[in-house]
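Notes for the one structure printed next.
For ligands, and for the atoms within them, numbers begin at 1 and follow the listed sequence.
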Amino acid sequence: MVLMHLAETFRRLFSSRSLGPAVAAAVAVYIGRLISRAFFSQLSPIPGPFLNKLSNLPLKYHLLRGQYHTIGEVVRIGYDMVSLSNTSDTRLVLATHAFQKGPTYHRGRTNEPTSFSAIDPELNKTRRRQLDAGAHSLIKTWDAEISQQGGQARANYFYTFHRMGAFNILQTGDTSVIDKMPIQRVPWLFPGLKQSQQFLLELVRDAIATRKRLIERQWRPATDTTSNTLSWTIANLLNYPDIHRRVTDEVWSTFPDMTRTISFGEAKAKLPYLTAVIHESMRLNPSVSGMLPRSVPVEGAAFQGYSIPRTATICVSIAACHRNPKTWENPNTFNPDRFLGEDDEGKLRDLLTFSSGVRVCIGRNLGWLVVYTVLANILRKYNFALPENAPYGPQRTDKGGVPAEIPGSAYILTGPSHPQTDCWVNISHA
Ligand code: HEM
């Protein structure tokens, strides 16, 4: 019915005297453009499904379904887009500011470019410095106090840390925020109180509004990456009961005293199998997985013998690199042992979980801290078991006999697509 309607509309357009030639010309131009994209573009020699050569729509469809390319190391994933899955090539793209982040990073995000979305290298460097500046200025302040006080300083670290994190006071010396704290005054005696309260209220309202805006736009990269990593690790352990048992045994036998929380340092130093489990989970399901677009420098680029013009976009796909069969044996299998062998250092170099180069994740230490401590403590404290009617689990395998993975999205950040059905677990105290 719809097709008939469309056909009739086209017939009318073409037969209309005034519109007919214009529409025919537009269609001819469009078809010409498709032919040129497919056969005469500089990207034409690059392998990839035929539809990808014509439009970027198939890419969007595949990303929404959680799929990324697995057919080669340089693949045409759109009419003007290529994706790499060779780790060395990918590191080269990420290494410097030569391949800047693509314009999509900032489109539709926050008003102000953040350290994540800033495209301009200079602005990004400033943003990264601003985050470092707190620690840097703390060190400078304490160094100065130590030398002034003859080698030993009396410092209140609580206030120092607070000031360092909040509003960059140590660096700028601007303490107006603290000075206006209402709790520092006796309310009814000071006329300036109303003004101070107003100032603080506006500040807080502003912070809440910004946070709400980010949440509404589902833009919480830092917390999402960490919580997605945790979700994927639990999902993988539930799919592989032997590995689950082995990692739990390691935590139990290493830290039998349940009254003490396992710290990050302890977990990292004393739980090699948990470390391998986390690496393997981050390999199989990197929470920042794909479509990290990079603009090609004016002089163009070449990878694996294919030249890529500056008009194209290179999409770095961490997920595709992590499942490249040339790099990883049986890439679709969850196998932490690959990080325990003799070449575990080499294997770690092939991981791009936190990216690499100039735009490497600046929150990776915090990410590690959360992932290690949460996993070590919950694996020790709880038994996890899949409910009887769980849609995924070791009983459900794919054609290769590997436990089927719960579906995930693949659009920059990757988490389970249907947590409302796929992420249930029964927990009890261990
Ligand atoms: C397991 C947790 C995490 C993973 C897997 C992860 C991964 C990544 C990756 C792959 C990138 C590069 C993205 C790109 O090139 O577009 C990145 C960038 C970034 N990450 Fe993380 N991240 C994690 C946790 C965090 C946390 C906890 C924070 C903040 C406290 C954070 C803040 C950032 C920022 C600001 C950038 C942009 C850096 C820049 O472009 O200069 N990340 N992260």
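- Near I362, meaning under 4.0 Å from any of its heavy atoms, are these atoms of ligand 1: 34 (C), 35 (C).
- A cation-pi arrangement is present between R396 and Y392 under the rule of less than 6.0 angstrom and at most 45 degrees off the ring axis.
- Contacts between R364 and ligand 1, counted as non-hydrogen atom pairs separated by less than 4.0 Å, are absent for every part of the residue.
- Within ligand 1, the atoms closer than 4.0 Å to a non-hydrogen atom of T229 are 1 (C), numbered from 1 in the order shown.
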side-chain contact (heavy atoms from CB on, under 4.5 Å) between I234 and I378, worked out: CA-CA 10 Å; I234 295 296; I378 64 172; 4.2 Å; yes
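- Summarising the contacts of atom 32 (C) of ligand 1 with G102, G363, P293, the nearest heavy atom is found in G363.
- For H279 and W368, the ring centers are positioned less than 6.0 Å apart.
- Close contacts between ligand 1 and T353 involve ligand atoms 5 (C), 7 (C), 10 (C) [criterion: under 4.0 Å to a heavy atom].
- At a 3.5 angstrom cut-off on N or O pairs, T226 does not count as close to ligand 1.
- For L94, the closest heavy-atom approach to ligand 1 does not fall below 4.0 Å.
- Counted by atom type alone, N324 and E73 present one or more donor-acceptor pairs between their side chains at under 3.5 Å.
- Both cation-pi conditions hold for R37 and Y79: the charged atom is under 6.0 angstrom from the six-membered ring centre and inside a 45 degree cone around its axis.
- When only modelled atom types and interatomic distance are considered, T327 and D350 share no side-chain donor-acceptor pair under 3.5 Å.
- Ligand-side atoms of ligand 1 in range of I318: 10 (C), range being under 4.0 angstrom from any heavy atom.
- Nearest to atom 33 (C) of ligand 1 by heavy-atom distance, out of G357, S287, C361, is C361.
- Residue K101 has at least one heavy-atom neighbour below 4.0 Å for each of these atoms of ligand 1: 14 (C), 15 (O), 16 (O), 40 (O).
- For the pair R283 and W328, the cation-pi criterion (under 6.0 Å, within 45° of the ring axis) is fulfilled.
- Remark: ligand 1 and R294 share an N or O pair separated by less than 3.5 Å (distance only, no angle test).
- With F255 as the aromatic partner, R260 does not meet the cation-pi criteria of under 6.0 angstrom to the ring centre and within 45 degrees of the ring axis.
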